[in-house]
Structures are given as C-alpha cells and as structure tokens.
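Per chain, numbering begins at 1; letters A, B, ... match sequence-line order.
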Protein chains: 2
Amino acid sequence: MQKSVALTPLRVACSGCNLRELCLPMKLTDADLEQVDDLISLKHAYQRGDYLYQSGAKFQSLYAIRTGFFKTQVLHEDGREQVTGFQMAGEIIGMDAISSDAHACDAIALEDSEVCEIPFGRLEELSRKLPSLQRHLHRILSREIVRDQGIMLLLGSMRAEERLAVFLLNLSQRFAIRGYSPTSFHLRMTRQEIGSYLGMKLETVSRTLSHFQEIGLISIRKKSVELHNLPGLQSIVGPQQQLL
Amino acid sequence: MQKSVALTPLRVACSGCNLRELCLPMKLTDADLEQVDDLISLKHAYQRGDYLYQSGAKFQSLYAIRTGFFKTQVLHEDGREQVTGFQMAGEIIGMDAISSDAHACDAIALEDSEVCEIPFGRLEELSRKLPSLQRHLHRILSREIVRDQGIMLLLGSMRAEERLAVFLLNLSQRFAIRGYSPTSFHLRMTRQEIGSYLGMKLETVSRTLSHFQEIGLISIRKKSVELHNLPGLQSIVGPQQQLL
DNA sequence: GCGCAGGTTTGATATAGGTCAAAATCCCTG
DNA sequence: CAGGGATTTTGACCTATATCAAACCTGCGC
C-alpha cells in the first residue's frame, strides 16, 4: 500500500477522482464525463474555520467537496443561528443560492478541506447538451429537498434521544458509503453545533451521549465515537419507550 | 364586475392563466410561453381530502396548483406524521420525487382544488431548449431548499409563540402576493395540522392563538383570522421577551 | 331539528429539556 | 511545557410545552 507524496495538482479531473461514483459525475458515460472535466475549474483548499461562502455573497458556483468536512448554517437577523447540515466528501453544496443569485447560508470548513468549484452558468449550459447530466443535477437538487424533509420530521416530532440516534446512524451510513468504518469515527463538530443542528442545547447533547454510553450503545470520548450496537440505536428511534 | 359562468374548460393554457407571473411560466417570453402551453397536459380537480399523490407512488409529473390549498406530509414508518408544508395557488409541488423517481411525501387537498399536471420528462426536454425555462426550474427547486432551511430555523430554534407568529405572517404575505387580504383570511388546516407543521401540539396552537387574541394582535374564530397588528406580530419573533 | 363526530378551547398536572453554575479536560500558542 | 481559552461533563433547579381530561362548538347526515 504505497502512498503518493507528490503535491496534489491544482486541477484534478473528475474522471480520475475516486469520488466520481458519488459526486456530480455519477453514472455519466465516459464521453459525457470528459465534458464535465472541462467544467470543473479549480480546486481550492480551505482551513478549519474558513468560510467557503457567506450568506449574501453573490452566487457563481456550486461546490463539490473533495476532502474534508463542512457545516452550513443560517443566521437569523436577531443573532440566532441554526446549523442546517454537515457535508462530507462527494457532496454538493451551495444549491440554496440558485433561487436568488445570492447565498442564503454560510458554509464553514470544520477541518482542512479541498473543494471543486463548479461554475453554475457553465453547468447549466452543459446540462442542456447532456440529458444525463441534466437529470443528475435535478436529482441532486431534489435529494436536498428530501433530506430537508427528513430533518423537519426529526425536529418537528422526535425526542432528544431519537434525534441523536438518527444523527449518529446517519453519519455512520455516510461514512460507510465512503469506505470508512460505520462504527468508529471522529466527530468534526462541537456539541454546540450538533445541538444547533438537532434543535437542542449542548448540555442535552452531552447528557444524551453519556446516557447512550451508560447503556452500552456507544463509547464516546471527546470527539471519537464508537457505535457498539447499531440495531440498538435504531430501536431508540420510534414512538415510545413508555413501555419500560 | 362580470363573472363568467361558463364551464371551466378542461385545458387552460398558461398564457391565459392569471397565475402566470407566479407559477412556472414566470418571466418567460411569449414565444417560450407558447411552448410551455403545450407541456401542461391536463387540469385535474380534487376534492377536500383527496390525495394528489401518495408517498411511494411512481414519479411522473410535477403539479402546479391553480386553485385551492394542499398540505404535504411525510410519514415515519412508526406512524408519526410531519406536515412539511401548505401550498397554495401558483406553487409547484412534487419536487421531492425527482431524486428517487418516487414520491417521498403525501399531498392532500385541504379544500376543493384544481391542479395542472407538468410531465417532468417533457419539462426537462423543453428546458434543454429554453435556457430561461431551465433557469426558472432551477430557481424553483432552489427556492424549495431555502424554504426548508427557514423551517429548520423555525423548528430548531424558535419558541411556540414565535413559530406561530412566523406562520401567520408567512400566510399573510402569500395571500397578499395573490391579491387577497393580508390581514383577513381563512385557515384551511386544522389546529392539529398547524401543530404538526410547527412542531407543537394542537392544544399549544390553540392556547397561543387565544393568547395572541387576548393581547389584541389578532382575532380568531374557528378558522377565520384577522391580523390586527402586523408589526406587533413581527416583534414577537426575536430572541426574547425576557426584557419585560 | 336531532344527534353525533370531528374539531376546538380551557384547565390541571407532569415532564423533557432548558438554564445556570462549577469543575474537569482539552488543545492551542507562546 | 506552561497558561489560558474553549469545550465538555455533570449537577441542581426551573419552565415551556406536553399530556390528560372535560366541556363546548359546529356542520353534516338522518
């Protein structure tokens, strides 16, 4: 198992990217893929804490995360903030900005990350020529809508324990898809950010995680989690433990 | 002020629709609009309680609401339900289904309604030819994402009173855009449905509305609401009355 | 016009999760 | 490798909202 130590080139073509089955090029033919390669202009690096974009900024591009981890958040004028998602490699971000030509949320790197920029005008242009790209773009947009509906269900009708179980299981699954362990991973976000995302206070997040640990479902130490019992976590989700 | 008593024709072209500035044809040139006319195949009528589509149904079309009122809801396997939105004339519905070719939620008429069907395959086809239609479709999809983010903010970080104030102000604004009174309207949904949408129980909805009435912000009797003080409602939204 | 089901209001009480506070830990930066 | 700010954990207490329950409407079918 050799690792290249060469500097990452500034341009990485989609065709050579190990995320191509997950990301924008998903299911494209080789011919189509070649055209998408020309689209992806630059790969940018961001450090922990950097903004990928800020709410209000003019919309130019979507972004595909190549490595790293981001959060998106909306800020209410009164200072309240709500984390609306955590994004990892292969996910596309910035779609909220299409509707008004300005970003509607902030995107912030939670660790050092690399991002491919996808100029949206050119993406539209190309997707007029390539029906399979067009279709895939629509799927990505729609998938985001479905994801949001799931979060509404979570925020609107689940208890704290359920929310956290859903959260951990979701991360687990997304790591698994990317070839990482589904049962042992590192949280890149703070308890506070988890709480904001799940509509609860950081103390409640901490307590609930401790509780999961007490009953043997997980181990957690700082940001490292191990899920010992996926079915057990799944069984937390459901309308009521009032049967004990 | 004459009113036509003629039977509504089964086909109504977008070009002759009074919602064209709000709906799919927004901002299209006359030439483009003509092509969209050919797309909209049928207008269907639904009665109160009818499903426009059900979760799991195969995805074929988006729907534009011509008249009436719908709710969308997602059902968790355990029977919990979450209302994800209330839709009115000029709004497009069904976009969650694109991602998986199957509807991800139910859409149910809250009053007798008429709906234009937009076959999605043909919409994609046409939007490959008409950049302005393509752009508008993307905006509509993105607008839904932004709307959902707003609901996450609401569900994740607002108190009951704030949620209800936001809800009333949102309805008010949407009625206003359609030329109806922003201060006097009819709720088409039950307290239970409002509660589901806002992540609270119907009793809390009822109590909070009564409270708004007591302090003179609104009058409410059954489903008829009058907003007496829009700025007052706006001032409810904000992080804290702990200043009194 | 009567009865009844579904919807709404209101009250009394319970509780999940919030708030405040302090101690423990972690992790940068110098 | 020491000091200090940020993060996390845990405890004690409090409150917003849920829950349970009863009475009240209101519109529809008979």
With 3.5 Å as the limit, what N/O pairs link the protein to nucleotides 28-30 of chain C?
{"residue": "C:dC28", "atom": "OP1", "partner": "A:R48", "partner atom": "NH2", "Å": "3.3"}

Regarding [X] and [Y], do their side chains bring together a donor and an acceptor under 3.5 Å, going by distance alone?
| X | Y | answer |
| --- | --- | --- |
| B:H228 | B:T183 | no |
| B:T84 | B:Q73 | no |
| B:H103 | B:Q54 | no |

Exercise. Can you check each nucleotide of nucleotides 6-16 of chain C against protein heavy atoms at under 4.0 Å and return B for base, S for sugar-phosphate only, - for none, in 5' to 3' order?
Key: --SBBBB----
Practice problem: Could you pull out all residues at least two apart from B:Y46 that satisfy ring-ring contact (aromatic ring centres under 6.0 Å, His included)? | Solution: none
Using modelled atom types only, decide if a donor and an acceptor are shared between the side chain of [X] and the backbone of [Y] within a distance under 3.5 Å.
| X | Y | answer |
| --- | --- | --- |
| B:D112 | B:R48 | yes |
| A:S172 | A:N170 | no |
| A:S142 | B:D96 | yes |

[X] with [Y]: basic N within carboxylate O range, under 4.0 Å:
| X | Y | value |
| --- | --- | --- |
| A:R191 | A:E203 | no |
| A:E162 | B:R80 | yes |
| B:R188 | B:E193 | no |

Exercise. Calculate the interatomic distance between A:R188 atom CZ and C:dC27 atom P; express it in whole Å.
Key: 14 Å
Self-check item: Within-4.5 Å side-chain heavy-atom neighbours: A:D148 and B:E144
Solution: no
More than 12 heavy atoms of other groups within 6.0 Å of [X] [atom1]:
| X | atom1 | result |
| --- | --- | --- |
| B:F167 | CZ | yes |
| B:F175 | CZ | yes |
| B:R178 | CZ | yes |

Exercise. Please step through ring-ring contact (aromatic ring centres under 6.0 Å, His included) for the pair A:F86 and A:F70, ending with a clear verdict.
Key: CA-CA 6 Å; A:F86 298 108; A:F70 283 81; over 10 Å; no
Quiz item: What nucleic acid atoms does B:G199 come within less than 4.0 Å of, heavy atoms only: base, sugar-phosphate, or nothing?
Solution: sugar-phosphate
Exercise. Give the angle between the helix axes at the two ends of the helix from C:dG1-D:dC30 to C:dG30-D:dC1, taking five base pairs at each end and rounding to 10°.
Key: 50°
Quiz item: Which parts of residues 164-171 of chain A get close to DNA chain D, meaning a heavy atom less than 4.0 angstrom away?
Solution: none
Self-check item: First-last contacting nucleotides on DNA chain D - partner chain B, under 4.0 angstrom, heavy atom
Solution: D:dT17 to D:dT26
